[in-house]
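First the structure, in the form of structure tokens, and then the observations on it.
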Protein chains: 2
Amino acid sequence: MNKHIKPTESELEILGILWEKGASTVREVHEILEQSKEAGYTTTLKLMQIMHEKGLLTRDASAKTHIYEAAVSRENTQQQLLNKMIDTVYKGSATQLVMQALGHHRSSPAELEQIRRYLNEMEKKQS
Amino acid sequence: MNKHIKPTESELEILGILWEKGASTVREVHEILEQSKEAGYTTTLKLMQIMHEKGLLTRDASAKTHIYEAAVSRENTQQQLLNKMIDTVYKGSATQLVMQALGHHRSSPAELEQIRRYLNEMEKKQS
DNA sequence: CCTGTTGTACGAATATCTTCGTAAACAAAT
DNA sequence: ATTTGTTTACGAAGATATTCGTACAACAGG
């Protein structure tokens, strides 16, 4: 049942905000967006309307001020983008991606430990 | 001196082919591209010409048939895309990306071992 | 030399994304 | 009731990406 999700860069930013905040109005999203980006209010509005048309967002239009919510899950979207990336840029090798990610992004000892435990789990299941 | 590389989806496909094959003609690239995608020859040509203008490819035009080569390294490009992805889709957590990559892409025991060794290295350096 | 093949160059049509101006609907305040 | 502010709707302009038709140059075989 997995849909072919392909959000653009701008759409991804909006999705990120909605995943964090949950259901929100255009203004709420716009105010967060403004902190990292220059954009007019109607631009954000239009984007979110289009995302709604595409099925990326749901909206509750019962009140005057509409409430939008992400219609695609963060996990699903992450997976889609990850797969494509591994495929086109890492020759299909997830291992390479993992090592590069570990190499360039400082992880805390606790995180490293978390990953180690995860690796152990993986190996148990492999039998 | 890292340039701001931002290849489009189509450009990425072509880069992937050139990284694998090394320097190639348009026809060679096109023939590989055709296996996974519907496209005319002149479309591929135009794309590669534009990529050359953008500085994504170098070309040797001394012979009638031009030879193109990737002008950006796979590693550099991977890093750029990885950074952006961790940032926008994984809330900045490389750890989460790593675990999702491990979870959904079966890795061989040898690969898991490789990652484990890499983790050990990381922890030593952290002292 | 003519002809068919292969290649590049150019330009244009199409699609998609991004941005925002303007208008209309609505509510709250004066 | 008029004004003011907030919101959605609409449409269009600008930017970028994608696709390909057509023309022209180089070359190979006859």
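Computed over heavy atoms, backbone and side chain alike; hydrogens, waters and symmetry mates excluded.
Once rounded to the nearest 0.5 Å, the distance linking NZ of B/Lys84 with CG of A/Leu12 reads 10.0 Å.
To the nearest angstrom, C1' of D/dC20 lies 17 Å from CE of B/Met48. Taking atom NE2 of residue B/His30 and atom P of nucleotide C/dT6, one finds them 13 Å apart after rounding to whole Å. Look at CD1 on B/Ile50: it is 14 Å from P on D/dC20, rounded to the nearest Å. Atom CD of A/Glu13 and atom P of C/dC17 are 15 Å apart (whole Å). When the C1' atom of C/dT16 is taken as reference, atom CE of A/Met51 falls 15 Å away, rounded to whole Å. Between the OH atom of B/Tyr41 and the C1' atom of D/dT18 there is a distance of 17 Å, given to the nearest Å. Distance B/Leu12 CG to D/dA17 C1': 14 Å, rounded to the nearest Å. Look at CD on B/Glu38: it is 16 Å from P on C/dA15, rounded to the nearest Å.
Between A/Arg116 and A/Glu111 there is no salt bridge, since no side-chain N of the basic residue sits under 4.0 Å from a carboxylate O of the acidic one. Between B/Arg27 and B/Glu34, none of the side-chain N atoms (NZ, or NE/NH1/NH2) sits under 4.0 Å from a carboxylate O, so this pair counts as no salt bridge. Using a 4.0 Å cut-off between charged side-chain N and carboxylate O, A/Glu69 and A/Arg59 make no salt bridge.
Between A/Lys64 and A/Leu47, it is A/Leu47 whose nearest contact on DNA chain C lies nearer the 5' terminus.
Looking at the side chain of A/Thr65, the nearest of the listed nucleotides D/dT18, C/dT8, D/dT7 is D/dT7. The side chain of B/Gln49 lies closest to C/dA9 when the candidates are C/dA9, C/dT22, C/dT18. Nearest nucleotide to the A/Val26 side chain, out of C/dT18, C/dG7, D/dT8: D/dT8. With D/dT18, D/dC20, D/dA9 as the choices, the nucleotide that has an atom nearest any side-chain atom of B/Thr8 turns out to be D/dT18. For A/Lys54, taking side-chain heavy atoms from C-beta onward, the closest of the listed nucleotides C/dT18, C/dC17, D/dA9 is C/dC17. For A/Leu45, whose side chain is taken as the heavy atoms from C-beta onward, the closest listed nucleotide among C/dT19, C/dT18, D/dT8 is D/dT8.
Linking Ile, Leu, Val, Met, Phe, Trp and Tyr residues whenever their side-chain heavy atoms come within less than 4.5 Å leaves A/Ile50 and A/Ile14 in two separate clusters.
No hydrogens or angles were tested; on distance alone, a donor-acceptor pair under 3.5 Å links the side chain of A/Lys46 to the base of D/dG11.
Between A/Arg59 and the phosphate of D/dA9, there is a side-chain N or O to OP1/OP2 separation shorter than 4.0 Å. An OP1 or OP2 oxygen of C/dT6 is reached within less than 4.0 angstrom by no side-chain nitrogen or oxygen of B/Arg27.
Residue B/Thr43 is classed as a base contact, given a heavy-atom separation below 4.0 Å to a base. Using a 4.0 Å heavy-atom criterion, one finds that B/Thr42 contacts the bases of the nucleic acid, with or without backbone contacts as well.
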